[in-house]
Number of protein chains: 2
Amino acid sequence: MTTRTQLKAESLQRILDASASRLRQEGLSGAAIANVMRDAGLTHGAFYAHFASKGELAMAALRHALLGNRRRWIGELKHDSWMQRLQRLARRYLTKAHRDKPAEGCALAAVATEAARSDAAFRQAYEDELRKSLHAICCGSKAEAIPTDEHLDDAIAFMALSIGGISLARAVSDDAFSERILQACIAAAGRIASEPPHPDDH
Amino acid sequence: MTTRTQLKAESLQRILDASASRLRQEGLSGAAIANVMRDAGLTHGAFYAHFASKGELAMAALRHALLGNRRRWIGELKHDSWMQRLQRLARRYLTKAHRDKPAEGCALAAVATEAARSDAAFRQAYEDELRKSLHAICCGSKAEAIPTDEHLDDAIAFMALSIGGISLARAVSDDAFSERILQACIAAAGRIASEPPHPDDH
DNA sequence: CATTTCAGATGACGCTTATCATGTGAAATA
DNA sequence: TATTTCACATGATAAGCGTCATCTGAAATG
């Protein structure tokens, strides 16, 4: 029984990889079933052996895209201050490499404006993934940790700044201007961290 | 000769209004020619008497949407500090009303991620409009004024934060969470302003 | 060996899209 | 009044989309 189910699992993996790439590179409307299946080396008819509808695929692609990327981008907590952490994350996120390789980049940034016009199920999936990323920014991979309200607010603003920054850098035509957008957002990221309520706040 | 040309000008105005609304509410892919012309009270065939292609319409719609909104949102310089100005603009931009009425909202936010995947002409139009908005943030309506590098960088980060913030607030499913995003970004906007290089910097 | 299962292929359906060729009727012009 | 212009309507085209019915062949099962 290994051959059959294993073959299907491999096909599913190729479909997920292809749809996650398409989703990030061409957005929700670009992740069309025919394109994705062709990328996966299959024909469009085979799609419905794996997903019930295009909406299901879109949600799976979003989750799949963020599964690998989150650890890669946000990674572990280091022993630096909260402000330094945000600045370090910004330097890692707001790069020309990230800007120019959307297919491997952040899916939350890729579909930010399209998600707003999607159905409730997709928006819920988007929210879930965003919350996971916010938690990882605050707490690294410590899943059971609970961030402070201040840190969570900072992380929210940091994500808005980063997603907005990478989107603007991609939307703009002039290369020097695009680079300036990235730099300006990196510089601002370090200033986002709230003043600690007490000077002895670690 | 007034009747003919005037009638055409009125039709064009309705097409621009309709396309600007569609662009902001449903994005680039939603601003389809048939929809726009129906909204304008015309049939699709009449479209090519006004525009050469859908791309031309999209650029015109973007410009038209920002023409009225820029003054309404950014308005005049008041006699407060740079930091206070950014905070005041954030409070005006990151509202529930703006979030829930995209058809009348900021077009730069509506098409941010789709613009990145558009052709060079549209990206140039997007850049032009973004630069105008940045200038207005720094200098109000004083067209000939030249902002400092620090203020322009701050304005860039402010726009990224605002566009990212309104996009996330729209993309998310839970209402309380959406409101928290708006609040967190408003709070962060005041912290974006660079430290003045000299303490006597006005 | 005979039968069942089912991932994938083929092809079709109805819908939407951008674009254009042609027709029309009233206004502008002679 | 006769002619020209042209904004708009009608209808067609070709391509794209999501979805599904049907066929296939090989693996799984008895």
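What you see below is based on every heavy atom in this structure, not just the backbone, and it leaves out hydrogens, waters and symmetry mates. Chain naming here is simple, since letters A, B, ... match the order of the sequence lines and numbering starts at 1 in each.
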Using only side-chain N and O atoms of [X], determine if any of them is under 4.0 Å from OP1 or OP2 of [N].
| X | N | result |
| --- | --- | --- |
| Asn35(B) | dT17(C) | yes |
| Ser11(B) | dC8(D) | yes |
| Thr3(A) | dA28(D) | yes |

Quick one: [X] [atom1] to [N] [atom2], roughly how many Å, whole number?
| X | N | atom1 | atom2 | answer |
| --- | --- | --- | --- | --- |
| Tyr48(B) | dA7(D) | OH | P | 16 Å |
| Arg38(B) | dA9(D) | CZ | P | 13 Å |
| Leu28(B) | dA18(C) | CG | C1' | 15 Å |
| Phe47(A) | dG8(C) | CZ | P | 13 Å |
| Phe51(A) | dG8(C) | CZ | C1' | 15 Å |
| Glu56(B) | dC20(C) | CD | P | 13 Å |
| Met37(B) | dT10(D) | CE | P | 12 Å |
| Gln6(A) | dC6(C) | CD | P | 18 Å |

Distance in Å, Ile181(A) CD1 paired with Arg99(A) CZ, rounded so as to fall on 0.5 Å steps: 9.0 Å

Residue Arg131(B) excluded, over 12 heavy atoms near CZ under 6.0 Å: yes

Touch class at under 4.0 angstrom, heavy-atom based, for His50(B) against every strand present: sugar-phosphate

Among [options], the one nearest [X] by side-chain distance:
| X | options | value |
| --- | --- | --- |
| His44(B) | dG8(C), dA12(D), dA12(C) | dA12(D) |
| Ile33(B) | dT10(C), dA27(C), dA18(C) | dA18(C) |
| Leu42(B) | dC8(D), dT17(C), dC17(D) | dC8(D) |
| Ser53(B) | dT19(C), dA9(D), dA27(D) | dT19(C) |
| Lys8(B) | dA7(D), dA18(C), dT10(D) | dA7(D) |

Passing candidate, side-chain contact (heavy atoms from CB on, under 4.5 Å) with Tyr93(A), options Leu161(A), Ile74(A), Ile166(A): Ile166(A)

Partner set under ring-ring contact (aromatic ring centres under 6.0 Å, His included) for Phe47(B), not counting sequence neighbours: Phe51(B)

Aromatic ring pairing His151(B)/Trp82(B), orientation class (parallel under 30°, perpendicular over 60°, tilted between): parallel

DNA chain D: 5'-proximal contact among Leu12(B) and Gly45(A) (nearest heavy atom): Leu12(B)

